[in-house]
Amino acid sequence: MKKEKSRKYRILQALRILSQWAFFALFLYLFTRTRFTGSDVIGPVERFFHFDPLLALTATVAGRALFAAFAWAGATVLLTLVLGRVVCGWVCPLGGVHQFFSFLFKKARLHKPRDVSAGPLKWKYFILLFVLAGALLGLNLAGYLDPLSFLYRSFATAVFPALGHAATGLIKLLYALGVDGPAGTLGQFLETLTLNPVYLQGFFIGLLFLAAVGLNLLRERFWCRVLCPAGALLGLLSLGNVFKLKIDKTKCIDCKLCSLQCQTQAAPYPEEDWKRAECVYCFTCGAVCPTAAVGFPTRDVPRKEKRVSLDRRKILWTPIAALAALPFFRINPAGRRAASSLIRPPGALPEPAFLSRCVKCGECMKACPTGGLQPVLGEAGPEGLWTPRLVPRIGYCEYYCSLCSQVCPTGAIKELGVEEKLAVKIGTAWVDKNRCLPYALGKPCIVCEEHCPTSPKAIKLVDHPVLLPDGTVSVQRAPFVDTALCIGCGICENKCPVMDQPAIYVTSIGEHRSETNRLLLDL
């Protein structure tokens with residue numbers, strides 16, 4: 001046994017783990033920087049997404065437009081063509097998360113490596129084909145299972161808000177115990193993260209994330225093996241890379257340890273069964289081999305390689321299924337009459353173009369300083385699931401803020417400067433006179449007018465007489481909305497003192513991005 005060779009692969013394995021931690025730390029750094037830091041410009045915190053070739057391909061094809069920032073994805077493609085699926089094994093932060101939990105499950109003896117069928121490996125290729133076929137039809141489905149979108153959305157709407165609530169509980173406990181110093185320090189740190197603790201679908205999205213992690217109990221890196229369309233795309237691009245597997249048959253003792261410990265079921269033993277498209281070059285097989293029989297020479301190894309078997313009929317039926325599914329994704333009443341509650345962020349493209357570009361990543365929701373941007377459930381139909389909308393009762397659109405437009409990685413939200421954003425109308429406010437205190441009860445209240453940020457103010461105050469039950473007349477200053485000046489920011493609805501159902505509310509009508517969602521059409 002050549003110990004120096006085994007040592008080499010152990011070092012490479014350690015370097016791979018270090019690389020995974022480093023890129024995950026970079027992902028977390030950019031994630032935590034996606035917030036209001038006191039500056040109008042947030043910087044390129046969305047850059048990680050621009051290296052994703054799946055998002056680049058689907059956003060370009062579905063949106064029928066080329067987003068220049070996705071040129072960075074060319075670096076990932078070039079790296080894969082030369083070195084193979086090293087991005088999956090060395091860079092991908094979601095792959096690192098799954099590898100970490102797979103390691104924990106194995107150490108806890110909740111998962112034991114075993115020989116499994118290669119059949120499910122083909123699923124991710126069919127998912128990829130379905131996604132690409134949908135993109136050709138203008139339907140962008142990549143964001144649901146793309147690793148970066150899935151991880152960012154899970155962290156932004158579920159994981160970090162949950163950690164924030166846990167940290168708040170810990171702070172309260174420390175204060176109750178009289179440990180004021182650490183409690184204050186932790187509280188200040190929590191405030192610097194500016195975490196929004198409320199997301200409408202946080203619980204459901206969090207369950208999906210936990211389910212994805214829990215699948216590692218069945219198979220190590222289950223997501224990477226079976227579900228990831230980005231991994232399937234990189235696998236197809238890696239079929240001609242320079243690294244080949246070579247097993248020295250004079251040293252091999254047929255223990256199958258390399259295949260049992262393979263993270264992605266690439267099956268290095270026997271050598272003829274090795275699937276290059278599944279290998280992420282973690283070098284675990286070389287590190288665990290007791291006789292140093294496993295190697296990855298760059299010289300040509302003449303042999304016929306084995307690939308994942310894809311049924312030709314299923315390959316044919318997958319795009320047909322995508323074509324058949326398209327009408328179901330487009331079942332949306334908003335196609336005929338715009339949903340009143342579907343208030344898109346300022347700078348959002350017209351709805352069809354927006355849906356073809358948005359990858360449901362949650363960057364804009366994370367950047368919103370008030371937490372007003374929330375994931376859509378059914379307001380935009382099945383196609384719009386988890387896309388952003390403004391919910392004024394949770395948070396309003398800050399007047400001098402354009403962060404959401406700066407962080408969108410696909411251009412679904414057009415980047416706006418602050419001055420440009422001030423003129424963008426995303427909706428219109430309306431007064432419910434049956435609930436408004438001056439109109440309904442004859443009580444004084446001018447909260448909405450005070451908070452209206454436009455200049456001149458879109459909310460005016462007019463004298464309004466109210467006949468009270470005792471027969472007297474109360475004249476109060478009551479709000480009246482000038483629809484020509486209102487931009488739909490929602491601060492009036494957010495600050496209204498009528499708690500259960502605000503007496504002033506915002507709908508999407510009048511939004512600048514739509515030619516038809518107008519109160520008065522130009523005839």
Side-chain angles (χ1 to χ4, degrees), residues 49-63 70 73-74 76-81 84-89 91-92 94-95 98 118-151 153 208 212 215 219 221-241 263-266 275-280 305-326 329 356-361 382-383 385-386 409-410:
F49 290 87
H50 295 151
F51 287 89
D52 189 329
L54 178 64
L55 294 185
L57 183 59
T58 53
T60 300
V61 174
F70 276 124
T76 303
V77 172
L78 181 61
L79 186 66
T80 304
L81 290 172
R85 276 181 64 184
V86 292
V87 171
C88 296
V91 177
C92 178
L94 183 59
H98 287 304
L121 295 178
K122 66 180 69 173
W123 293 0
K124 63 177 175 290
Y125 294 100
F126 291 126
I127 292 173
L128 172 65
L129 187 56
F130 188 91
V131 168
L132 294 181
L136 287 172
L137 301 171
L139 183 66
N140 193 345
L141 302 175
Y144 294 120
L145 291 177
D146 175 77
L148 293 180
S149 297
F150 182 86
L151 182 63
R153 178 174 62 245
L208 290 178
L215 287 173
R219 298 185 184 182
R221 292 186 70 155
F222 185 97
W223 177 283
C224 310
R225 298 187 189 199
V226 180
L227 299 176
C228 184
L233 177 60
L234 294 178
L236 295 176
L237 293 173
S238 69
L239 292 175
N241 71 83
Q263 298 176 7
T264 55
Q265 210 170 322
K275 304 173 187 66
R276 191 194 308 209
E278 302 304 313
C279 182
V280 296
E305 291 186 1
K306 190 169 183 178
R307 300 179 183 179
V308 175
S309 177
L310 301 179
D311 189 302
R312 292 184 180 181
R313 290 185 179 181
K314 291 182 179 178
I315 292 177
L316 178 62
W317 277 104
T318 299
I320 295 177
L323 178 62
L326 178 63
F329 278 94
S356 68
R357 290 280 197 94
C358 180
V359 293
K360 299 89 178 170
C361 63
E383 187 180 5
L385 179 66
W386 299 332
T410 63

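What you see below is based on every heavy atom in this structure, not just the backbone, and it leaves out hydrogens, waters and symmetry mates. Numbers here simply count residues along the sequence, with the first being 1.
The shortest distance between side-chain heavy atoms of L55 and S149 falls below 4.5 Å. Between C361 and P409 there is a side-chain heavy-atom pair separated by less than 4.5 Å. With a 4.5 Å cut-off on side-chain heavy atoms, L323 and L137 count as touching. At a threshold of 4.5 Å between non-hydrogen side-chain atoms, the residues V131 and T58 count as touching. Side-chain atoms of Y144 and L385, non-hydrogen and from C-beta on, do get closer than 4.5 Å to each other. Between N140 and C358, every side-chain heavy-atom pair lies at or beyond the 4.5 Å cut-off. Side-chain contact between W223 and L215 is absent, with no heavy atoms from C-beta onward closer than 4.5 Å. Residues F130 and I127 have side chains not in contact (no heavy-atom distance under 4.5 Å, counting atoms from C-beta outward).
The main-chain N or O of L234 is never found under 3.5 Å from a side-chain atom of R85 such that the two would form a donor-acceptor pair. Listed for the T76 side chain is a donor-acceptor partner under 3.5 Å among the backbone atoms of F51. Not one N or O on the side chain of T60 forms a donor-acceptor pair closer than 3.5 Å with the backbone of L57. Under the 3.5 Å distance criterion, the side-chain polar atoms of T264 are matched with a main-chain donor or acceptor of E278. The closest donor-acceptor contact from the side chain of R276 to the backbone of N241 lies under 3.5 Å.
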> Between F49 and D52, is a side-chain contact (heavy atoms from CB on, under 4.5 Å) present by the stated rule, with each step listed?
Replying inline: CA-CA 5 Å; F49 290 87; D52 189 329; 5.5 Å; no
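Here the closest heavy-atom approach between residue P147 and residue A230 is recorded as CD-CB, 3.6 Å. Contact record, L139 with F329: CD2-CD1, 3.7 Å, taken as the closest heavy-atom pair. Residues L128 and P229 share a closest heavy-atom pair of CD1-O, 3.6 Å. The minimum heavy-atom distance linking L121 with R225 is given by the pair CD2-O, 3.6 Å. The heavy-atom pair separating R219 from Q265 by the smallest distance is NH1-OE1, 3.7 Å. Minimum heavy-atom separation, A73 to A56: CB-CB, 3.9 Å.
In this structure, CG in L129 is found 5.0 Å from OG1 in T318, a value given to the nearest 0.5 Å. Expressed to the nearest 0.5 Å, how far CH2 of W386 lies from CZ of R153 amounts to 5.0 Å. If you take CG on L233 and OH on Y125, they are separated by 10.0 Å, rounding to the nearest 0.5 Å. For the atom pair CG of L141 and CG of L326, the computed distance is 9.0 Å after rounding to the nearest 0.5 Å. Note: T410 OG1 to R357 CZ = 6.5 Å, rounded to the nearest 0.5 Å. Taken from CG in L79 to CG in L237, the straight-line distance is 11.0 Å, to the nearest 0.5 Å.
Ring geometry for F70 against H50 counts as perpendicular: the plane angle is over 60°, on a 0 to 90° scale with 30° as the lower cut.
Here E383 does not pair with K360 in a salt bridge; the nearest charged N to carboxylate O distance is not below 4.0 Å.
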